[in-house]
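Data first, discussion second: the structure below is written as C-alpha cells.
We use all heavy atoms of the structure for the numbers below, so side chains are in, but hydrogens, waters and symmetry mates are not. Just so it is clear: chains get the letters A, B, ... in the order the sequence lines come, proteins before strands, and each one is counted from 1. Computed from a prediction, not measured in an experiment: that's the story for all the values here.
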Number of protein chains: 2
Amino acid sequence: MTAAVRKPRYERRLAGDRRQALIDATIKSLKRHGHEGLSVRRIAAEAGVSIGLINHHFPNKNTLVAESYRHFTRQLTARFQAAVLLAPPDPRARLHAFFEAVFSRPNLDPHVLTAWIVFWGLFRQSPEIRKAHDEAGRGYGELLRALLADLVEAAGTPRIDPRLTSIGLTALLDGLWLEWCLDPKNFKPDEAVSLCEAWIEGLLRTTVPATSR
Amino acid sequence: MTAAVRKPRYERRLAGDRRQALIDATIKSLKRHGHEGLSVRRIAAEAGVSIGLINHHFPNKNTLVAESYRHFTRQLTARFQAAVLLAPPDPRARLHAFFEAVFSRPNLDPHVLTAWIVFWGLFRQSPEIRKAHDEAGRGYGELLRALLADLVEAAGTPRIDPRLTSIGLTALLDGLWLEWCLDPKNFKPDEAVSLCEAWIEGLLRTTVPATSR
DNA sequence: TTTGTTCCTGTACGATCGTTCAACAATGAA
DNA sequence: TTCATTGTTGAACGATCGTACAGGAACAAA
C-alpha cells in the first residue's frame, strides 16, 4: 500500500494558461538576462518547466518570442491608454498624464530597455517579429496623434503639421526614455516630463504667426 | 627546380595593420548581419582570414568587439566634429552643420543602427564594452554642450539650464535618428533637421521672459 | 478501477559557438 | 643559402544552442 498523500511531480495546466505563462517567462528572462535570456533553456527555467514543453505549445522558439513581443508592447500601450483615460478630459491634462505614464514605472525601467534591445535586434531577420513591431508602432503612434490632434483643436492653432509634429514628439519621448534607461542618474523622470511639456509650449507658440521680427 | 613564380598562400601583414583590418571587419559584419555577425567565424570570413587569427591578435572576442565599438564611435564623433569645423564660425551655422552631419550618411543608415543595437545589447554584461560606451557618450555630449553654450552666449539668453537643454536636444536627435533608421520612409532627413532647428528656435524664444500672459 | 487524452519530462542529435594549439609558411637577417 | 622570427592556418575541444521524440504521468471520463 503506497502513501495516501503523494505530491504530484508536476501540475498540469490548460494549454492557454501555460502558453501565457511561457510568454510571461520569456519577457522576464529577456528583462533579466538580455540576449542571453533568449534561449529555450533559460526561458524554461524561468517558467519552472522542462525544455521540451516550449515546443509542445509553440511550433518553434521564434513564434514564442514574437508572441511575447506582441504581448509586451500591447501591455505597455494599454497602460498608456489607461493613464490617459483616467486623466481629466482636458487635452493638456491628458497629454500630461501620457507623459507621466511614459516616464514612470513600469515603463521607465532599464530592464525594459534590455528587453527592447533584444527585440530590436531580432526584427531585422524575422518577419514575424517585424510584424509585431509594426503593430506596436501603429498603436503607440495613433494614441499620440489623437492626443496631439485634440490639443491642437482646443488651442485653435490651425497651422500645425500633424504628421511632423507627432514625429518630433515621438522622437523626444523615445530619446529621453532611452537616455534615462542607459544612465538613470543622468536626470530625473520629472525633468523628462518638463522637457516634453516645454516642447508642447513651444509648439503652441511657434505655429501662431510670429509676433515680432 | 620549382616554378619560378609561386603565389603565396597568404600575405603576412604588420600586427597593427591586421588588428585594424579585423576591427573593420567586425564593424562590417555587425552592420551586415546584426547579432549573427558577432561570431569569430563570420568576422574572420569578412576579413578574409582564418578563424585562429583573431585570437592571435586579440586575447578574446570580447576585447576585439570592445575595440571595434571604440573605433566605431570615435569615427562617428570625429565626423561630426569635422563637419562643425568646416562650417562658418557662426554658432547657429555650426549647430546646423552638426544636425546635417547627424542626419546624413554615413551616420544615417539602418545598418549603423543594426550595429548599435548589438553594442547596446552587449554593454550590460561586459565592463569593457560599458567603458567604451561611456567614453563615446562623453565625447558626443561634450561636443553638443559646447555648441549649445556658444549659441546661448551669442544669443544672450542667460536663463538657460545648459544641462537640461543638452539632455533634451540629445534626446530629440537620437530619437529622430532612431525613428528614421527603424522606418526610413516615415520622414525625410531634411525634416529631421527642421525639427531640430525648430527646437532651437523654441529654446531661444522660451527663455526670454514670456512676452504676454 | 480502468481507460484515454494530452500535458509534460528529459534524453538525444546535429549544428555552431569561443578558444586552444601544433604545424606551416612568409619574410628578413645572417 | 640557411636560419630564426612570427604572422597565419585549420583541426580539435568542450559547451551550448534549437528541435525532435519516446516515454511517463496527471486528470477526467467511463
- Message: Looking at B:Asp134 and B:Arg130, is any side-chain nitrogen of the basic one under 4.0 Å from a carboxylate oxygen of the acidic one?
- Response: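 Here B:Arg130 does not pair with B:Asp134 in a salt bridge, since their nearest N and O are not under 4.0 Å apart.
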
Parallel, tilted or perpendicular: which one describes the rings of [X] and [Y], with boundaries at 30° and 60°?
X: A:Phe119; Y: A:Phe72; value: tilted
X: B:Tyr69; Y: B:Trp116; value: perpendicular
X: A:Phe123; Y: A:His133; value: perpendicular

- Task: Describe the nucleic acid contact of B:Ile43 in one word from base, sugar-phosphate, nothing, applying a heavy-atom distance below 4.0 Å.
- Result: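 Touches nothing.
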
In whole angstrom, what separates [X]'s [atom1] from [N]'s [atom2]?
X: A:Leu22; N: D:dT19; atom1: CG; atom2: P; result: 14 Å
X: A:Leu53; N: C:dT11; atom1: CG; atom2: P; result: 16 Å
X: A:His35; N: C:dC17; atom1: NE2; atom2: P; result: 13 Å
X: B:His33; N: C:dT16; atom1: NE2; atom2: P; result: 14 Å
X: B:Ile54; N: C:dC17; atom1: CD1; atom2: P; result: 12 Å

- Task: Go through A:Glu201 and A:Arg92 one step at a time and tell me if the salt bridge (charged side-chain N to carboxylate O under 4.0 Å, His left out) criterion holds.
- Result: CA-CA 10 Å; A:Glu201 295 273 357; A:Arg92 193 63 188 267; 3.2 Å; yes

- Query: Within the pair B:Ser39 and C:dG18, is there a side-chain N or O less than 4.0 Å away from OP1 or OP2?
  - Reply: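 For B:Ser39, the contact criterion (side-chain N or O under 4.0 Å from OP1 or OP2 of C:dG18) is met.
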
- Query: Are OP1 or OP2 of C:dC8 and a side-chain N or O of A:Arg18 less than 4.0 angstrom apart?
  - Reply: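 Answer is yes, contact under 4.0 Å.
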
On a heavy-atom basis, which atom in [X] and which in [Y] lie closest, and how many Å separate them?
X: B:Asp109; Y: B:Cys181; answer: O-SG, 3.8 Å
X: A:Thr63; Y: A:Pro59; answer: OG1-CG, 3.7 Å
X: A:Ala44; Y: A:Ser50; answer: CB-O, 3.6 Å

- Donor-acceptor under 3.5 Å (B:Arg18 side chain, B:His57 main chain):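 Here the side-chain-to-backbone pair does not exist.
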
- Message: Among residues 55-68 of chain A, which ones have heavy-atom contacts with DNA chain C below 4.0 Å?
- Response: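 Listed by number, they are A:His56, A:His57.
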
Protein-nucleic acid N or O pairs under 3.5 Å, nucleotides 28-30 of chain C:
none

- Message: With nearest nucleotide decided by heavy atoms, which residue, B:Glu11 or A:Arg9, maps closer to the 5′ end of DNA chain D?
- Response: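 Counting from the 5' end, the first nearest nucleotide belongs to B:Glu11.
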
- Query: Does a distance-only test, which skips hydrogens and angles, find a donor-acceptor pair under 3.5 Å between the side chain of A:Arg41 and the base of D:dG18?
  - Reply: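 Such a pair is found, so the answer is yes.
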
- Measure distances between side-chain N and O atoms of A:Arg12 and base N and O atoms of C:dT6, and say whether any donor-acceptor pair falls under 3.5 Å.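 Per atom types, the contact qualifies.
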
- For B:Tyr10 and for B:Ile51, find the nucleotide of DNA chain C with the closest heavy atom, then tell me which residue's nucleotide is more 5'.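 Looking at DNA chain C, the more 5' nearest nucleotide goes with B:Ile51.
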
